[in-house]
Amino acid sequence: MSEVIFRGGTILTIDPSHRVVAGDVATVDGAIVHVGGSYTPQTSDYSILDCTGCVVMPGLVQAHVHTVQTLARGRADDLELLDWLRQVIWPYEAALDPVATSAAGELACAELLLGGTTAILDMATVHHTDAIFGAAERSGIRATIGKAMMDAPDPQIPPGLRESTQHSLDESARLLKRWHGAANDRLRYAYAPRFVPSCTDELLREVGVQAKARKVGIHTHASENIGEIALVRQRFGKDNIVVLDELGLLGPNTCVAHGIHLSDHERALLAERGAHICTCPSSNLKLASGVAALPELIAAGVSVAIGADGAPCNNNLDGFQELRLVALLHKPRVGPRALPAPEVVRMATRGGAAALGQADRIGSLEVGKRGDVIAVDVTPLHTIPTGSPWSQIAYSAKSCDVRHVAVDGSVVVRDRELLTLDIGKVRANASACAARLFH
Ligand SMILES: [Zn+2]
């Protein structure tokens, strides 16, 4: 029996009644056993994390990232989505080998964990997805990963990324068998058709069938960019979300990244099917894609999560920065009460957990859930003085304020130090691989 005690913080439980309590959060063998008040260890096998001056809360859950793209940080600035993909990102992904893929994965997971993100929904590239799973496994992060599926006969896709429909399905099935449920169910698989323009109808239809049969999630992009929705309209004569629905891809286990250019009908359809939208505000601003109308999505009943997308379109994987942007972005149009702090903190935790299909396991600090817990130091000058931990987390805390992190009851960051990977090696490998790829 192994006990971990986050001792003496202000606890944002993010439980259904949004309780804020003082005291300890304790986990035993990975599961939360105690929230609030003081906890006495039951055995001699325990570790205590001092949380004085900290807000203790569930780890951030980012429901749309591309850890594989991290080596292209700063290499694709100031482009719109389709140019960004065709000119830099697809050639970069086509040039990756397992060593570089692993370096990208480790860099991303290290940045995410040190910044308080404990779980991700991650779209890898067409090849070498085992290397991304390996990096996630070593880092200790909770990750649902899928290989990017791209079988469209599109001359703009580099030969290194093109694949047959059968290869795409076979490789997904192999990865699912190898990794889904691995590392005490910390790693899971999700089908990841990249977006409608990069996939054939046959592939998309088959993904819907196989994901349902195997009870795993679907992770895709839709309605991010005007050029992208024009391509979909040209091919189907219909809107993107309608196409996904008619091909059988929209359900409660589906997470759609972006959802910026949507009709009222598409919003209603997402809500009716119980599909999730993951909003990525930095990426949407930087690629000049637009701003997803979150107040309208939420009013329509759509479940919303938050993600950083990738390092070359953000250019960080900083969950706190995204959380703050989501909180601020809608106020000029809708009014200052749009998306208040507690609502946004809930989206970044519970909302993400729901998008990963794990609302019953993570996303809040409740007895019985898995021990994905972070302690955020709120004593730095930029967070004091304040009367509200919600305000501190939504508006003033930064990812560098994260002091301790546990995933599945294992301490992975202690006093701002990553315990699972050697940061010096992560930095050196990432730099060497990037220099090789972008010579
Ligand atoms: Zn993306």
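Whatever order the structure lists them in is the order used to number ligands and atoms, beginning at 1. In this text, all values refer to a predicted model and were calculated from it rather than measured experimentally. The chain is numbered in sequence order, starting from 1.
- No other N/O/S atom of His66 lies as close to the Zn ion (ligand 1) as NE2 does.
- Checking Asn315 against Lys286 by side-chain atom types alone, a donor-acceptor pair falls below 3.5 Å.
- For the Zn ion (ligand 1), the set of nearby N, O or S atoms under 2.8 Å includes none belonging to Cys313.
- More than 12 heavy-atom neighbours from other residues, nucleotides or ligands sit within 6.0 angstrom of CD on Glu366.
- Side-chain polar atoms of Asp151 and Ser168 form no donor-acceptor pair below 3.5 angstrom.
- The side chain to side chain donor-acceptor pair (under 3.5 Å) check on His219 picks up His64, with sequence neighbours excluded.
- Contact annotation: His221 places an N, O or S atom under 2.8 Å from the Zn ion (ligand 1).
- Note on Asp309: its N/O/S atom closest to the Zn ion (ligand 1) is OD1.
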